[in-house]
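As structure tokens, the structure follows; a few thoughts come after it.
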Amino acid sequence: MTNNFLTTIRSLKLIEGCKAAQIYAFSSAGGASTSGSGDGAGKPLPPPQPRSLSVRSASVCYPHAPSTSGAFVADSPLPCGLPVAAALEPALDACLRPVDHVKALAASFRRMSSAEAEGDDLCDVFLEQHALFHALGDARLLRRALRAARVHATDPHRRVVLAAWLRYERREDEFDPMPPPLAPCTPTTPLLECPRAAVFAGESPGVDPICPCRRPPPPPPTPPSSRFRRNTSSIDQMVEDDGDVETNDLWFVIGEEEVACERSCIAALSKPLNTLLYGGFAEAQRDRIDFTRDGITPCGMRAVSAYSRHGRLDDFSTDTILELLAFSNKFCCEGLKSACDNKLATMVSGVEDALSLVDLGLEEAAHLLVAACLQAFLRELPKSLSNPDVARLLCSPDGRERLDIAGNASFALYYFLSSVAMEEDIRSNTTVMLLERLCESAERPWQKQLALHQFGCVMLERGEFKDAQGWFEDAIAEGHMYSLAGVARSKFKRGHKYSAYKMMNSIMEDYEPAGWMYQERSLYCVGKEKMADLHIATELDPTLTFPYKYRAVVFLEEDMVESAVAEISKVLGFKLVTDCLELRAWFYLALEEYEAAVRDIRAILTLDPSYMMFHGKVHGEQLIEILRGYVQQWDMADCWMQLYDRWSEVDDIGSLAVVQQMLTREPGNSSLRFRQSLLLLRHAAMRSLRFARNCSAHEHERLVYEGWILYDTGHRDEALAKAEQSIKIQRSFEAFFLKAYALGDSSLDTESSLSVVQLLEHANSCASDNLRKGQAYNNMGSIYVDCDLLDEAAECYNIALNIKHTRAHQGLARVHYLKNRKKAAYGEMSELIKVAKDSASAYEKRSEYGERDEARGDLNMATLLDPTRTYPYRYRAAVLMDESKEDEAIGELSQAIAFRADLQLLHLRAAFFDSMGDNANTLRDCEAALCLDPTHGDTLELYRKASTKAEPQS
């Protein structure tokens, strides 16, 4: 028996489309009933239908090796059936992943220190750090390494590559419409991304701290001799200041024309010309020399004559300057070549200009011109790679060879290009060709490890398992032990399961076991052994998502769907990722909990609006439309009430889902886009802020959203200016709130802090809703606490709580604590936990107000809910150290450092080692911490102390 929902699902004809390669495979599943809360008109659904089969189908088959396709049954109530645990498979990390990342970070810091001391190239050191930081997953560290590499890049080519890379990583921060890629910098463009500073010597940040785009134009150059000035109407008309004709004692005959020159000026251009005109050649005795066969036109020769007299290239046409460039190469005129190269480089304003000039630049070895053309291509990535002419130059072996001759091929270039290509389409031929060039450019051991390992990952994704195994083995030979996982996976795909298992066993015997090792080995065993490996993998590295997903799908197959939901929800408590949300939505569909399923689907679409469900077969919006008749429909007033409730319950996923639903009704509502940004992490938040800015119907709103974008990208003063402009146009809550927030983000005295409170009071006097007003009162309370005005702070927090701003419990708890009411503070945080049951931060904060045993219990719960939070590990380690349990304290910190190389964790462990007299480990942890932040004062002091101890021993 079927109903309209199942009929609609089946009408999509997904079965044939799902036979292509996919991430998961699916089993046939029993018919699930389709009861729901109501259709579009609020009518009840028909009564639930009995289940004809259990969720785990008897037809599930477990192949010897995971297949990329699965079996499906057309009568399944879900598109493509249900996930099959046997077909789940984690992706390999396509980056450098040292077996001991602390040791690798420490070694990188030593190389940096050595390079600084010896004056070696630091750019390559910071690029290596960028490659190492990828495995840590911290975007701030990656950007810091790129910025440092750009600062220390000494040649135009690497400056161009790294400036373009920095701009690419910051592309979400730009306003729409985005400026042309080579347009002059705006006041908020980072200096390190300036296209002009990247190309031209002397205009690099290390040389000049002022952006050349914002520097006033230089005065016109003074000619070498005041005798001459150029009549700009024609190249060949030169007149003296007193009106007399210039001195000419040499004529070059080109065809039927003669070009008048001054012999000494032409001879001064280069040694070959000096020898020609003053040496033992016949031309030295002639006043007319035939240049007809020397490949230059009369116009070009007149330009040579003009340059030889005045030493500048004025406003010659592009064709003329190209002639001069060819002439300079033929006669070794270095000064003329440099001038032509500089002039042509300034003429490149986009991809079209670059395409018309790059071949000539390569033929004439014009390094700056080629760098400028390359910059145009790089700043249009990934779009420019779809241009066949650009792709031919950047991807082909011949193109790399030509770029190399012109001094514009490097590992940095192909590292950037291959990263972009892998992000766009890891299986594409373009990606393969760029990785081939990356391998050819690799010289240092870390470069070879990275290039070979990435090539193996791409071949694995393309299904070319034999080739993948070969690339991984080459990476191992260069010292990248993580590639053993790639060899094992390749062997497994080729049917050698036992060989893969033995390989993972060998690495676990040779090195300290890590979570990824157990995760990888679990693929090659079954039953209890597989589950045991996954359990250990989670213990060693709780941030790995695959073990949770596998266990959840196993629960599903065993007809324990509620347990499946609970398992996958553990990940979503600390890591909001689309594939886990999709899996949970699938489970809710199996449970016929359509409201919850739609909530997760809407959250997915917020994170990735183009996300395709069911392995790229159904867009999320399409699935929501199918489920429309089975969930309660809300109008905008209902949505606001729901948002208010979700926000008060600290339910970020529910809040995102409600905002997404509201935006489907009002896609141009800039206020909703802004609220969406408040719930998201940086990358997605910036996208929502840009949408809000571009959708703004009013100037004062647009200025506020521009101000937030500027503030979030580090431009505090510019953000303040935007807020003040907005207030002048119209007083609004958001403008006052932005101004207060930006002013409050600094160390203020009491008077300045109270002026921020006044701004927030102005904000609350403007029209807004209680969600935002509650935030303003909460911020006012925080400022009053900092000013030691505790009664005023308590009043603000209570107002916020009265309008259901639940997070104000935390501020009020702080007030109680500062008034020596520790028990009341603990109770206040307990009130927050009643509402936000799964908030790790709430448990962590409550631990500050409880007794030692209560604190330990709260911190254990915080770690269970969010294992990435480092404070609980540090607290437990400090307690153990106080109890003289040194080994246990080190073990507590090491447990966290194994999956998160955090600065504070490393510093604390170094301090513990120092107190134990273990100087070698103290130095190692200090060096690793300083690799993450070379300016951390406490670690620097400890490092100097440990280094002093080490000197006598050495």
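Just so it is clear, the values below take in all heavy atoms, side chains as well, and ignore hydrogens, waters and symmetry mates.
For the pair Ile709/Met686, a side-chain contact is recorded, criterion being any heavy-atom separation below 4.5 Å from C-beta on. Leu417 is listed as a side-chain neighbour of Tyr414, based on a closest heavy-atom distance under 4.5 Å. Taking 4.5 Å as the limit, some side-chain heavy atom of Leu322 sits within range of a side-chain heavy atom of Leu344. At least one side-chain heavy atom of Leu378 sits under 4.5 Å from a side-chain heavy atom of Leu413. In this structure, Val458 and Trp471 have side chains that are not in contact, with every pair of non-hydrogen atoms separated by 4.5 Å or more. Counting only heavy atoms from C-beta outward, the side chains of Gln129 and Arg144 approach each other to under 4.5 Å. For the pair His367 and Asp341, the minimum side-chain heavy-atom distance is below 4.5 Å. Side-chain contact between Val304 and Phe331 is absent, with no heavy-atom pair separated by less than 4.5 Å.
Side chain of Gln454 to main chain of Ala94: a donor-acceptor pair is present (N/O by atom type, distance under 3.5 Å, no hydrogens or angles). Here the side chain of Arg402 pairs no donor or acceptor atom with the backbone of Gly399 at under 3.5 angstrom. Judged by distance alone, the side chain of His453 and the main-chain N or O of Gln449 form no donor-acceptor pair under 3.5 Å. Distance alone, capped at 3.5 Å, is enough to place a donor-acceptor pair between the Gln447 side chain and the Glu443 backbone. Listed for the Glu380 side chain is no donor-acceptor partner under 3.5 Å among the backbone atoms of Val351. In terms of modelled atom types and a separation under 3.5 Å, the side chain of Ser308 and the main chain of Ala268 share no donor-acceptor contact. For the pair Thr275 (side chain) and Lys271 (backbone), a donor-acceptor distance under 3.5 Å is present. Formation of a donor-acceptor pair under 3.5 Å by the Ser114 side chain with backbone atoms of Arg110 is not found in this model.
You'll find the ring centres of Tyr943 and Phe109 inside the 6.0 Å limit. For Phe252 and Phe327, the gap between ring centers reaches or exceeds 6.0 Å.
Contact between Cys332 and Pro272 at its shortest, heavy atoms only, is CB-CG, 4.0 Å. For Ala153 against Leu162, the heavy-atom pair with the smallest separation is CB-CD1, 4.1 Å. Nearest heavy-atom pair, Val125 versus Ser108, reported as atom, atom and distance to 0.1 Å: CG1-O, 4.3 Å. Closest approach of Gly456 and Phe472 over heavy atoms only: C-CZ, 3.2 Å. Contact between Trp251 and Asp249 at its shortest, heavy atoms only, is CZ3-C, 3.8 Å. Nearest heavy-atom pair, Ala406 versus Val370, reported as atom, atom and distance to 0.1 Å: CB-CG2, 4.1 Å.
Heavy atoms from other residues, nucleotides or ligands lying under 6.0 Å from CD of Glu258 number more than 12. For Glu424, the CD atom counts as densely surrounded, since its 6.0 Å shell holds more than 12 non-hydrogen atoms of other residues, nucleotides or ligands. With a 6.0 Å radius and a threshold of 12 heavy atoms from other residues, nucleotides or ligands, Arg288 has its CZ atom above the threshold.
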Result block: side-chain N/O donor-acceptor pairs under 3.5 angstrom for residues 381-391, not counting sequence neighbours:
| unit_1 | atom_1 | unit_2 | atom_2 | d |
| --- | --- | --- | --- | --- |
| Ser384 | OG | Phe377 | O | 2.7 |
| Ser386 | OG | Lys383 | O | 2.5 |
| Asn387 | OD1 | Asp389 | N | 2.9 |
| Asn387 | OD1 | Val390 | N | 3.4 |
| Asp389 | OD1 | Arg392 | NH1 | 2.9 |

I'd like a table of donor-acceptor pairs (distance under 3.5 Å, sequence neighbours excluded) in which one partner is a side-chain atom from residues 431-441, with atom names and distances.
| unit_1 | atom_1 | unit_2 | atom_2 | d |
| --- | --- | --- | --- | --- |
| Thr431 | OG1 | Ala421 | O | 3.3 |
| Thr431 | OG1 | Asp425 | O | 2.7 |
| Thr431 | OG1 | Ser428 | OG | 2.8 |
| Arg437 | NE | Glu440 | OE1 | 2.9 |
| Arg437 | NH1 | Cys395 | O | 2.6 |
| Arg437 | NH1 | Met433 | O | 3.2 |
| Arg437 | NH2 | Glu440 | OE2 | 2.9 |
| Ser441 | OG | Arg400 | NE | 3.2 |
| Ser441 | OG | Arg437 | O | 2.9 |

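The distance from atom CG of Leu324 to atom SG of Cys333, rounded to the nearest 0.5 Å, is 9.5 Å. In this structure, the separation between CH2 on Trp446 and CG on Leu127 is 5.0 Å, given to the nearest 0.5 Å. For the atom pair Leu136 CG and Leu932 CG, the distance stands at 6.5 Å (nearest 0.5 Å). For the atom pair Glu718 CD and Glu706 CD, the distance stands at 12.0 Å (nearest 0.5 Å). In this structure, CG in Leu362 is found 11.0 Å from CG in Leu357, a value given to the nearest 0.5 Å. Here Cys95 contributes atom SG and Phe133 contributes atom CZ; the two are 13.0 Å apart, rounded to the nearest 0.5 Å.
Side-chain contact annotation: Glu363 with Asn329, donor-acceptor N/O pair under 3.5 Å absent.
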| request: Let me see the working for Glu927 and Leu105 under side chain to side chain contact (heavy atoms under 4.5 Å, CB included), right down to the final yes or no. | output: CA-CA 7 Å; Glu927 288 164 348; Leu105 291 172; over 6 Å; no

| request: Walk me through it: do Ile289 and Leu277 pass the test side chain to side chain contact (heavy atoms under 4.5 Å, CB included)? | output: CA-CA 10 Å; Ile289 300 175; Leu277 299 178; 3.5 Å; yes

| task | Quick one: do Arg150 and Leu166 satisfy side chain to side chain contact (heavy atoms under 4.5 Å, CB included)? Show the steps, please. | result | CA-CA 9 Å; Arg150 165 67 184 89; Leu166 284 167; 4.0 Å; yes

| request: Check the pair Arg147, Phe126 against side chain to side chain contact (heavy atoms under 4.5 Å, CB included), reporting the backbone distance first and the verdict last. | output: CA-CA 9 Å; Arg147 288 171 59 84; Phe126 287 115; over 6 Å; no

| field | From CA spacing to verdict: side chain to side chain donor-acceptor pair (under 3.5 Å), Asp290, Thr292 | value | CA-CA 6 Å; Asp290 188 2; Thr292 303; 2.6 Å; yes

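Under a 4.0 Å N-O distance rule, the pair Glu169/Arg143 does not qualify as a salt bridge.
For the side chain to side chain donor-acceptor pair (under 3.5 Å) with Arg158, the lone residue among Asn408, Asp121, Asp124 that qualifies is Asp121. Considering Glu116, Glu118, Glu128 as possible partners of Arg111, the one that fulfils the salt bridge (Lys or Arg N to Asp or Glu O under 4.0 Å) test is Glu128.
Residues that satisfy the side chain to side chain donor-acceptor pair (under 3.5 Å) test with Asn429, not counting sequence neighbours, are Arg462.
The aromatic rings of Phe411 and Tyr415 sit tilted relative to each other, their planes meeting at an angle between 30° and 60°.
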